[in-house]
Structure formats: C-alpha cells, structure tokens
There are 2 protein chains.
Amino acid sequence: MPRNRQQIPREERTGDLLAAATELFLAKGYAKTTMADISSAAGVARGNVYWYFDSKDHIFAAVMNRMLSREIRILNEEQAGADPLSRLVRGLSDMRYSRPLHQAMHDRLPHSEEVREAHNTFLNWIVGLVDELMAERGLDNAPGIDATLVRDVAVAVFEGANVPNDQNRPAHEMIRFLMESVLARCAGPQGRKR
Amino acid sequence: MPRNRQQIPREERTGDLLAAATELFLAKGYAKTTMADISSAAGVARGNVYWYFDSKDHIFAAVMNRMLSREIRILNEEQAGADPLSRLVRGLSDMRYSRPLHQAMHDRLPHSEEVREAHNTFLNWIVGLVDELMAERGLDNAPGIDATLVRDVAVAVFEGANVPNDQNRPAHEMIRFLMESVLARCAGPQGRKR
DNA sequence: ACCTGAACACCGTTCAAGT
DNA sequence: ACCTGAACACCGTTCAAGT
C-alpha cells in the first residue's frame, strides 16, 4: 500500500480536516492551533493541508460557515413555528460555546476575504431575524423609530457579547433585553401603528 | 560622543517610544507594526525597546492607557458641568479614530495581563458614566429594571461598535439610542420613581 | 492527482558584547 | 545603566521530489 497515494475521496479528507480543525479551534483557540496540529490530527503531513485549503484563514472560514449552517438547520427543524425573537435568542444561546472563535474572526477580518464573508453570514442571519421581528410588530417603517439603527444596535450587542470580559453576560439575554426595550418604547409614546 | 551612552533621561526616551508606537499603531494597526518599526522610528536599535518595555503588549497597553487618560482629562476640562450621557457620547465620539486599536486589544486580551488591565480601564470608564446616569434618573434600583443588565448591554454596544463591519455606525449614536430607549421604557409603564 | 518533509520568510524576543 | 546587532524560536507557507 503506497503511502503517497490518495487513500480516501477528496470530500472525506476535507471533512476530516474540517472536523480536526473544529475540535482544535474550540479546544485551544484559533491562534494557538497550528497548522501542524491540524495536519497531524487528521493524519497527514504539514504541507498537505494546503492541497485542500489555501490558508489557515480559509480553513477557519470553512469551519465557521459549517457551524452556522448547522445551527440554522437545527433552528429550522426545532423552532419552525416560533416567533423571530425566540428563534434569535435560542440561536445565540446555542452559540455561546463558540464565542472565542467568533472573536477570533474579528482578528482575521482585515487579513482575509473569506473570513469577512463568513463573518457577514453571521451578521446577516441576525439582521434577518431582527427585520422579521420588526416587521411582525409593524415597526419596520414606523415614524418614531429608525429600523436601521435598531438593526445596527442589535448587531453591536451581539458582537460586543463575543468579547471576553469579566461579566460575561450571554448574548441572548442582552439581545432579549434590548429588543424588549425597543419594542416597549415603540408601543409607548408613539403608540402602536396598524 | 559615545553612541552607546544614555543621551537623554529615561522618561524622555520612554515618551519618544510611546509617541512613535502610538503613531505607528494608528497608521498601520497593531499587527502590522513591528518592534523594528517602533525602535527605528524612535532612533534606537531593535533590542533596546526591551530595556524600557517588557514586550510588545506592554508598550501597547501603555499606549492605550495614555490615550484614555488624555481623553478623560479633556472631558473633565471641556464637559465639566455636562450630564453623564453627553459626556459619554462625547467621549465615544472622540475615540472613533482609535477603534481599530481598541479592537486589537481584544486580540491580545488572552495573552497579556497588561492589555487586560488597560481594557478594563476603558470598560470601567463607561460603566461609571452609565451608573451615574442611572442614579441621576433615580433608576439605579428601580423595581422594573436591572441596572446591572443595562450596564452590560451598554458595554456590549461599545465593544460591538469597535468591530469593523460594513455599516460602521459610530458607538456614540448607538449608545445614545440604547440609553434613551431604556430610559423611555422605565419612564413608561413602571412609572417614574421618586 | 495527491502526498511528504525540508527549507524559507517573518517577526518577537534574547543575549553576549560593547561603552 | 544603557545600547547594539547577531542569533534564536515559532509558525504559516512554499516547493522540489516522490508515488
């Protein structure tokens, strides 16, 4: 059996590398996981990773994309009928364990187009749910409120929750509080529309 | 004139290094500024920086501490009588240009105690102003509201605003919106206390 | 088409040797 | 006490050589 011949199909090897990288990134963080760690965990030589992924950032982006799409699939299955706010809160709650990795994306944003794309996918997911929520309450173009601003603040809270600090309050709590405050404000003085 | 003898007092050289580092960090970012860049900008050899600062993170923390304390001094002078919310908004507005550096602190938090301390100083500054604001409105221990949660969300918005994204909405706008929403919510259904 | 490991590039940090 | 520059360590990436 030749050591240098492809033993397994491309997709499977890609999957192995992705699985190894995911595990290592979660365990040690992005910066402390070396390409040598990933290659040896997947049972290949250092250089071989570059046959499947162009760079460490490429494999990182792929890991993050896979995480988010899995989470979205789970939400679609388990929370099919739920309102946007509970879906959002549930998703954020599920993602708590990958906070450090989301933060690592921020480090890499300036250096990698692929990481930027993966990161935008996260933000678009949140923006979509916030928009849905606002529309459901008929606030998407209410006079007293700037829906764009609400979106941006929600995204900022999410991003801010991913920064490690002493308090370490989970994102889903803060997003819930924020959205409830905004909704209460709208339902108050300005009165409810439609 | 001996090339190897101390020409200038320690404090002045430290100041030169700090000034050079500040300029370079602002211009090129933390990651792309090398220790060689800093040393040559200050006119010393590579290794000499380590006589004044233990590491790149130490010099970075010193740079950030100096920035914040200068900003606080300016605010105290120019906004002496202003209410906490406008002081906070003004400070955040002034700090817009150093966003990328604040974000770089996040990268270094796991690796450096000094950066953690510098970062905490930023957060404490914000928390102090938020607390002051809540106390001024008599909401620091109102029944319907969790002041700790308000603090954490405000901090999260600040942190989130420091992450680069396409929208790039300034932190002070978002903080103002957040605090106004929270205050409106409290002044609404629960009614104003005291 | 895929795999290997030596070699390169880059940069933070150290250190023996200077004054 | 301060300063220098060569040398080291670490790791992402490349590449000539294999099957």
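Below, read A as the first sequence line, B as the second, and so on, with proteins coming before strands; counting in each chain starts at 1.
A salt bridge links A:E113 with A:R116; the closest basic N to acidic carboxylate O contact falls under 4.0 Å.
The side chain of A:A45 lies closest to C:dG5, out of C:dG5, D:dG12, D:dA1. The side chain of B:K56 lies closest to C:dT13 when the candidates are C:dC11, C:dT13, D:dG12. Minimum atom distance to the side chain of A:M35 is reached by D:dT13, of the listed C:dC3, D:dC11, D:dT13. Looking at the side chain of A:Y50, the nearest of the listed nucleotides C:dG12, D:dT4, D:dT14 is D:dT14. Among the nucleotides D:dG12, D:dT4, C:dT4, the one closest to any side-chain atom of A:R46 is D:dG12. Among the nucleotides D:dC3, C:dT4, C:dG12, the one closest to any side-chain atom of A:V44 is C:dT4.
When hydrophobic clusters are built by joining Ile, Leu, Val, Met, Phe, Trp and Tyr residues whose side-chain heavy atoms come closer than 4.5 Å, directly or via intermediates, B:L68 is not grouped with B:I74.
Taking atom NE2 of A:H111 as the reference point, atom C1' of C:dC10 lies 13 Å away to the nearest angstrom. In this entry the distance linking CG of B:D54 with P of C:dC15 reads 14 Å, nearest Å. Following rounding to the nearest Å, B:L24 (CG) and C:dC11 (P) show an atom-to-atom distance of 14 Å. Rounded to whole angstrom, the span from the CG atom of A:D37 across to the C1' atom of D:dG12 amounts to 12 Å. Between the CD atom of B:E12 and the C1' atom of D:dC2 there is a distance of 15 Å, rounded to whole Å.
Across all strands shown, B:S39 has no heavy atoms under 4.0 Å from either base or sugar-phosphate atoms.
The phosphate of C:dC2 (OP1 or OP2) has a side-chain N or O of A:W51 nearer than 4.0 angstrom. In this model, the phosphate group of C:dC3 is approached by a side-chain N or O of A:Y52 to a distance below 4.0 Å at OP1 or OP2.
By the 4.5 Å heavy-atom criterion applied to side chains, A:R99 and A:P170 are counted as neighbours. When side chains are defined from C-beta on, B:F177 counts as touching A:I145, because their heavy atoms get closer than 4.5 Å. Side-chain contact between B:H106 and A:D107: absent, with no pair of heavy atoms (C-beta onward) separated by less than 4.5 Å. Between B:E159 and B:H119 the shortest side-chain heavy-atom distance falls below 4.5 Å.
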Original post:
In dot-bracket, 5' to 3', how would DNA chain D read with Watson-Crick or G-U wobble pairs under 3.5 Å, [ ] for crossing ones and | for pairs to another strand?
Top reply: ||.|||||...|||||.||
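Ring geometry for A:Y30 versus A:F60: interplanar angle of 30 to 60°, hence tilted.
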